[in-house]
Amino acid sequence: MGPLWVDVEGYELDAEDRELLEHPTVGGVILFARNYHDSEQLAALTASMRKAAKRPLLIGVDQEGGRVQRFREHFSLIPPAQSYANMPNGEHMARESGWLMAAELMAHDIDISFAPVLDRGFDCKAIGSRAFGEDNSTVIRFSTAFMQGMKDVGMATTGKHFPGHGAVLADSHVESPVDERSDLFEQDMAIFKAQIDAGVLDAMMPAHVIYPNYDALPASGSSYWLKTILRKQLGFNGIVFSDDLSMEGASVMGGPAERSQQALDAGCDMLLLCNNRQSSIEVLDNIAISDVPQAATLLKKTQFSVKELKASSKWREVQQRVAAFGAEWQEKNS
């Protein structure tokens, strides 16, 4: 499969979508709320994507829980990462939530949710309650439990946003944040190191944040961060995703084709380019066709239908416990 992830506009594929998915540079599709009407429609959409691609294709979505959950109606609502450390039995519930989130996506033939967030602290506009905690040990403890749940059912994990997005207040979706700290290795990045050392991360997503004390480029387009630090110093050997190259935080790297090439040259294996079809076409027209064989490691490990999942006693029991936990958290914070 190729390095580029694209998106589609609606509930079903049109002729242009099918043509795009056949392109050898396309290796994945990221889904959004606009692609979901109901369970049957979503399963039909993912099946049609695999048919149109005519080769292995990754399908992913942001379904980490809390405020970032694209599919909500008729899916279990996953509590925000912040909740687990603040509630009784939080570690166990983090694992069950990871399992539930992953199982419901996989039942719709979706391979990955880009999760978990490993950023520290709640102050950043882009992160907030998506963080598991304000200190390294809390983030490591509860993110580990969440990832164990994902892996229990056969979904690959994606740590984000390397080397740490939580200390900047700015939101990289709408501006280019700058983190002026000079002790990043001892602070936020120690979380990523611990999870790499533990062998629980299958993929990594770098931040569209500039750390001027280390490099002039955002981490997502920096060979210093992705090759020298992530690959060589930390020994990460999984897939490296760019975060969405349509985000304002990536604009310092030029137009769509320039951003994509810079991200590839810097060490990204796969590129996310969302919500701009013309940009996707420009990239496909301008970057060399390439293959990312290791991306196949992110394909879901087990197959089952929605009907099979919902008939299982495990799903029913976990779903009830997670719903009760979420409601208790909501009440506590309302």
Side-chain angles (χ1 to χ4, degrees), residues 1-64 69-75 101-115 150 153-156 158 202-203 205 239 241-242 244-246 260 269-281 283-285 287 289-309:
M1 54 189 85
L4 185 66
W5 283 61
V6 296
D7 58 348
V8 299
E9 190 55 43
Y11 297 145
E12 54 189 38
L13 300 181
D14 61 23
E16 186 182 74
D17 294 331
R18 290 190 180 88
E19 185 180 350
L20 202 70
L21 293 179
E22 267 196 82
H23 196 290
T25 298
V26 172
V29 182
I30 182 167
L31 300 172
F32 291 90
R34 66 174 182 265
N35 303 126
Y36 174 65
H37 180 266
D38 58 47
S39 183
E40 193 175 333
Q41 166 271 325
L42 182 60
L45 175 62
T46 55
S48 68
M49 288 173 169
R50 296 199 188 280
K51 186 177 178 183
K54 300 176 182 172
R55 66 190 186 285
L57 178 77
L58 285 164
I59 301 176
V61 65
D62 281 317
Q63 189 83 348
E64 66 196 45
Q69 178 167 343
R70 305 300 185 215
F71 310 144
R72 302 184 81 85
E73 194 174 350
H74 304 303
F75 274 77
M101 177 276 292
E104 291 186 350
L105 291 180
M106 290 167 63
H108 291 85
D109 203 7
I110 294 168
D111 297 294
I112 58 173
S113 171
F114 296 99
M150 293 171 69
V153 74
M155 179 177 281
T158 304
D202 301 296
M205 186 176 286
I239 290 290
F241 286 106
S242 75
D244 179 10
L245 291 170
S246 298
S260 299
D269 301 298
M270 303 198 92
L271 311 172
L272 271 63
L273 194 60
C274 310
N275 301 314
N276 192 322
R277 178 56 59 87
Q278 198 49 49
S279 292
S280 297
I281 292 169
V283 171
L284 292 174
D285 287 345
I287 67 170
I289 291 172
S290 60
D291 189 37
V292 189
Q294 194 188 349
T297 61
L298 303 183
L299 291 165
K300 66 186 193 304
K301 306 295 186 288
T302 47
Q303 303 268 1
F304 47 85
S305 67
V306 175
K307 187 177 179 183
E308 288 167 334
L309 176 66

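Counting begins at 1 with the first residue of the sequence. Everything numeric in this text was worked out from a predicted model, so none of it was measured.
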With a 4.5 Å heavy-atom cut-off, do [X] and [Y] have their side chains touching?
X: Val29; Y: Asp17; answer: no
X: Pro3; Y: Thr25; answer: yes
X: Leu20; Y: Leu284; answer: yes

Nearest-0.5 Å distance, [atom1] of residue [X] to [atom2] of residue [Y]:
X: Met150; Y: Met106; atom1: CE; atom2: CE; value: 10.0 Å
X: Asp111; Y: Thr297; atom1: CG; atom2: OG1; value: 10.5 Å
X: Glu104; Y: Gln63; atom1: CD; atom2: CD; value: 8.0 Å
X: Arg34; Y: Asn275; atom1: CZ; atom2: CG; value: 4.5 Å
X: Ser113; Y: Leu105; atom1: OG; atom2: CG; value: 6.0 Å
X: Leu298; Y: Ile239; atom1: CG; atom2: CD1; value: 5.5 Å

Checklist line | Plane angle bin for Tyr36 and Phe75 - parallel if under 30°, tilted between 30 and 60°, otherwise perpendicular | finding: perpendicular
Next item on the list: Show your reasoning for whether side chain to side chain contact (heavy atoms under 4.5 Å, CB included) applies to Leu299 and Leu58.
Entry: CA-CA 6 Å; Leu299 291 165; Leu58 285 164; 3.7 Å; yes
Next item on the list: Applying side chain to side chain contact (heavy atoms under 4.5 Å, CB included), run through Asp14 and Glu9 and close with a yes or a no.
Entry: CA-CA 9 Å; Asp14 61 23; Glu9 190 55 43; 5.8 Å; no
Item checked: salt bridge (charged side-chain N to carboxylate O under 4.0 Å, His left out) involving Arg18 - partner list, sequence neighbours excluded -> none
Note to self: Once salt bridge (charged side-chain N to carboxylate O under 4.0 Å, His left out) is applied, do any residues pair with Arg72, and if so which ones, sequence neighbours excluded?
What the structure shows: none
Next item on the list: Go through the structure and list residues passing side-chain hydrogen bond (donor to acceptor under 3.5 Å, both in side chains) with Asn35, not counting sequence neighbours.
Entry: none
Note to self: Checking Ser305 now: which residues fulfil side-chain hydrogen bond (donor to acceptor under 3.5 Å, both in side chains) with it, not counting sequence neighbours?
What the structure shows: Glu308
Work out which heavy atom in [X] is nearest to a heavy atom in [Y]; give both atom names and the distance.
X: Phe71; Y: Phe32; value: CE2-O, 3.6 Å
X: Leu4; Y: Ser280; value: CD2-O, 4.1 Å
X: Met49; Y: Leu57; value: O-CD2, 3.8 Å
X: Leu309; Y: Ala103; value: CD2-O, 3.6 Å
X: Leu31; Y: Leu45; value: CD2-CD2, 4.2 Å
X: Asp202; Y: Ala156; value: OD2-CA, 3.2 Å

Next item on the list: Output every pair passing salt bridge (charged side-chain N to carboxylate O under 4.0 Å, His left out) with a member in residues 52-61, not counting sequence neighbours, ordered by first then second residue.
Entry: Glu22-Lys54
Notebook entry, point to check: Which pairs with one or both residues in residues 290-301 pass salt bridge (charged side-chain N to carboxylate O under 4.0 Å, His left out), sequence neighbours excluded?
Noted result: Asp109-Lys300
Notebook entry, point to check: Any chance CD of Glu12 has more than 12 other-residue heavy atoms, nucleotides or ligands included, within less than 6.0 Å?
Noted result: no
Checklist line | Identified side-chain hydrogen bond (donor to acceptor under 3.5 Å, both in side chains) partner of Ser39 from the options His74, His108, Glu73, Lys307 | finding: His108
Next item on the list: Could you check Leu42 against Ile110 for side chain to side chain contact (heavy atoms under 4.5 Å, CB included), going step by step and ending with a plain yes or no?
Entry: CA-CA 10 Å; Leu42 182 60; Ile110 294 168; 4.1 Å; yes
Next item on the list: Show the numbers, then the answer: is there a side chain to side chain contact (heavy atoms under 4.5 Å, CB included) between Leu272 and Asp7?
Entry: CA-CA 9 Å; Leu272 271 63; Asp7 58 348; over 6 Å; no
